[in-house]
Amino acid sequence: MGRTGEAFAEWLTEPSTVVSAVLLVMGLLFVGMESQSQNWVYYTGEHTTGTVRGGIVYYQVGGETYTQDDPHASPSSSGEKVTVYYRAGDPATAELDQPVRWIEGAAMAVWFAAAAILLLVSAARRRRAERHRPPQPEGRHWW
């Protein structure tokens, strides 16, 4: 195996690389679970603006009016604007923009960000250690 292959094999067995791989797998699991939920429409669907009247959101898609209950709106609210996310093929199935969207997005992204940061930090530490290591003469060993 050449020097590059040996260095790559060594890199693959480092704890930081293994932990980064585990973090990436966790991130993929979170994305997979989220893609099975109804909230996936936040990331793959279309959006429009709806108007709240009496706790019900009215929104239009393609000239047709649809409704969605808003459990967070007070029954006396009227005229409040809300973003509605819907599937292009089924506008009647919709989700209202909620703070949970950002929490779910962060729960998916944090795994990938942690893996990237870990790989960058370990690469920087490895490079720093190589720079501060005294040069080894060719063909000679430490003994």
Could you list the donor-acceptor pairs under 3.5 angstrom formed between side-chain atoms of residues 24-36 and any protein atom two or more places apart in sequence or on another chain?
from: Glu34; atom 1: OE2; to: Ser37; atom 2: OG; distance (Å): 3.4
from: Ser35; atom 1: OG; to: Gly32; atom 2: O; distance (Å): 2.7

Problem set entry | Sequence neighbours excluded, every pair satisfying salt bridge (Lys or Arg N to Asp or Glu O under 4.0 Å) that has a member inside residues 98-119 | Asp97-Arg101
Problem set entry | Gap separating the CG atom of Leu96 from the OH atom of Tyr42, nearest 0.5 angstrom | 7.0 Å
Exercise. Which pair of non-hydrogen atoms, one from Ala94 and one from Tyr59, has the smallest distance, and what is that distance?
Worked result: CB-OH, 3.3 Å
For this session: Measure across Val110 and Ala107 and return the closest heavy-atom pair with its distance rounded to 0.1 Å.
Result: CG1-O, 3.7 Å
Problem set entry | Verify same cluster id: Val82, Val41 (apolar side-chain graph, 4.5 Å) | no
Problem set entry | Parallel, tilted or perpendicular: rings of His47 and Tyr85 (30°, 60°) | tilted
Seminar exercise, completed: To the nearest 0.5 Å, atom CG of Leu23 lies from atom CD1 of Ile117 at 10.5 Å
For this session: Could you list who else is in Tyr58's hydrophobic cluster, with ILVMFWY side chains joined at under 4.5 Å, directly or through other members?
Result: Ile56
Exercise. For the atom pair CD (Gln68) and OG1 (Thr93), what is the distance rounded to the nearest 0.5 Å?
Worked result: 8.5 Å
Exercise. Between Leu118 and Val19, does a side chain to side chain contact (heavy atoms under 4.5 Å, CB included) hold up when you go through it step by step?
Worked result: CA-CA 8 Å; Leu118 180 60; Val19 171; 3.5 Å; yes
Problem set entry | Pairing residues for Tyr43 by the ring pair (Phe, Tyr, Trp, His ring centres under 6.0 Å) criterion, not counting sequence neighbours | Trp40
For this session: Find out whether Thr49 and Val84 are in side-chain contact, i.e. whether some heavy atom of one side chain is under 4.5 Å from a heavy atom of the other.
Result: no
For this session: Check Ala115 against Ser20 and note the closest heavy-atom contact, atom names and distance.
Result: O-OG, 3.5 Å
For this session: Please list, chain by chain and in numerical order, all residues satisfying side chain to side chain contact (heavy atoms under 4.5 Å, CB included) with Arg125, sequence neighbours excluded.
Result: Val121
Exercise. Are Tyr66 and Val52 grouped together when hydrophobic residues (ILVMFWY) are joined by side-chain heavy atoms under 4.5 angstrom apart?
Worked result: yes
Exercise. Hey, are the side chains of Arg126 and Glu14 touching, using non-hydrogen atoms and a 4.5 Å cut-off?
Worked result: yes
For this session: Please list all pairs passing the salt bridge (Lys or Arg N to Asp or Glu O under 4.0 Å) test where one or both residues lie in residues 81-96, with sequence neighbours left out.
Result: none
